[in-house]
Peer 1: 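Here it is: the structure, laid out below.
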Amino acid sequence: MKKSTAVMLGLLVVLVAGMSCVFAAEYTKFSSKFIKHFKDCDYYEESMVSEFEGKQFTTNRKIIGWRNGFCKYEETIKSPEDEYQLNCSFSNIQVDELYNSMKNKSKDPETYELEMFAEQKDKKGQTKYVPVGSQTIKGNKAYIAWAKYQNNPYFCKPKKIK
């Protein structure tokens, strides 16, 4: 029973990670206010509505601020059927990388091998994440940088809300 639960949780992480990757492709546009506040991890919140494959999505981005040496960020993605939330913790170096990627105006797409993870419990019951493959993604610098962190459970924890 424990093994099947771990497999199901792993599949949920992979599913959410894959979905957030798809959503990220649509949501790589950041407002100048968001970029300005993200630079110093100052509190800021914004929402946007967009369409992907005929479905409407609402994304709420919230920069919470610095907590225990990490920039806390929360993103909620709602569709008519589902609602997911990513709770992220970024180091100062990661904030700089994400900020610089959002400032980059290049429209030249890049290709990146995005590592996918599944959740597992070790013998002590501790949660760890193991690579379960990769997915090739293509997009601008902001898309690649955000996908790299949002799809890594060590930085961003996905949670299905609805």
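Please read all numbers here as calculations on a predicted model, not as lab measurements.
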Peer 1: Do Ile137 and Met116 sit in one hydrophobic cluster, given that two such residues count as connected whenever their side-chain heavy atoms are within less than 4.5 Å of each other, even indirectly?
Peer 2: yes
Peer 1: Looking at every heavy atom in both Phe57 and Ser79, which two are closest together, and how far apart are they?
Peer 2: CE2-CB, 3.4 Å
Peer 1: Mind checking the CG-CH2 spacing from Asn140 to Trp146? Nearest 0.5 Å is all I need.
Peer 2: 13.0 Å
Peer 1: Verify the distance criterion only: is there a donor paired with an acceptor across the side chains of Ser134 and Glu113 at less than 3.5 Å?
Peer 2: yes
Peer 1: Of all the heavy-atom pairs spanning Ile63 and Asp42, show the shortest one and how long it is.
Peer 2: CG2-O, 3.3 Å
Peer 1: Looking at side-chain heavy atoms only, is the closest gap between Tyr143 and Lys138 below 4.5 Å?
Peer 2: no
Peer 1: Could you tell me the separation between the OG atom of Ser31 and the CE atom of Met102, rounded to the nearest 0.5 Å?
Peer 2: 9.5 Å
Peer 1: Working to the nearest 0.5 Å, report the span between CD1 of Ile77 and CG of Asp82.
Peer 2: 10.5 Å
Peer 1: Please determine whether residues Val130 and Leu114 belong to a single hydrophobic cluster, defined as Ile, Leu, Val, Met, Phe, Trp and Tyr linked transitively by side-chain heavy-atom distances below 4.5 Å.
Peer 2: yes
Peer 1: Please report the closest heavy-atom contact between Lys72 and Ser89, naming both atoms and the distance.
Peer 2: NZ-OG, 2.6 Å
Peer 1: Roughly how far, to the nearest 0.5 Å, is OG of Ser32 from NZ of Lys103?
Peer 2: 13.5 Å
Peer 1: Between Tyr154 and Tyr129 (side chain of the first, backbone of the second, donor and acceptor by atom type, cut-off under 3.5 Å), is there such a pair?
Peer 2: yes
Peer 1: Do other residues, nucleotides or ligands put more than 12 heavy atoms under 6.0 Å from the NZ atom of Lys39?
Peer 2: no
Peer 1: Taking side chain as C-beta onward, heavy atoms only, is Trp66 less than 4.5 Å from Val95?
Peer 2: yes
Peer 1: For Ile161, look at atom CD1 and say whether over 12 heavy atoms of other residues, nucleotides or ligands are found less than 6.0 Å away.
Peer 2: yes
Peer 1: Does some side-chain heavy atom of Thr58 sit less than 4.5 Å from a side-chain heavy atom of Met48?
Peer 2: no
Peer 1: Using the ring of each side chain (for Trp, its six-membered ring), is Tyr149 parallel, tilted or perpendicular to Phe90, with breaks at 30° and 60°?
Peer 2: perpendicular
Peer 1: Is it the case that over 12 heavy atoms from other parts of the model lie below 6.0 angstrom from the NZ atom of Lys157?
Peer 2: yes
Peer 1: Salt bridge (charged side-chain N to carboxylate O under 4.0 Å, His left out): which pairs involve residues 90-100, sequence neighbours left out?
Peer 2: Glu97-Lys148
Peer 1: So which atom in Glu110 and which in Ile144 form the shortest heavy-atom distance, rounded to 0.1 Å?
Peer 2: O-CD1, 3.9 Å
Peer 1: Under the salt bridge (Lys or Arg N to Asp or Glu O under 4.0 Å) rule, collect the residues that match up with Glu83, sequence neighbours excluded.
Peer 2: none
Peer 1: Determine, stepwise, if the pair Lys121 / Thr127 fulfils side chain to side chain contact (heavy atoms under 4.5 Å, CB included).
Peer 2: CA-CA 5 Å; Lys121 299 279 185 188; Thr127 300; 2.7 Å; yes
Peer 1: Roughly how far, to the nearest 0.5 Å, is the CD atom of Glu45 from the CG atom of Asn60?
Peer 2: 4.5 Å
Peer 1: Any disulfide (SG to SG under 2.5 Å) involving residues 57-152? Give me the pairs, sequence neighbours left out, ordered by first then second residue.
Peer 2: Cys41-Cys71, Cys88-Cys156
Peer 1: To the closest 0.5 Å, what do you measure between CD (Glu46) and CZ (Arg61)?
Peer 2: 5.5 Å
Peer 1: Locate the shortest heavy-atom distance separating Phe117 from Asn151; write the atom from each residue and the value.
Peer 2: CD1-O, 3.9 Å
Peer 1: Below 4.5 Å, heavy atoms only, C-beta onward: do Phe38 and Tyr44 meet side chain to side chain?
Peer 2: no
Peer 1: Among side-chain atoms of Tyr73 and Glu75, is any donor-acceptor pair under 3.5 angstrom?
Peer 2: yes
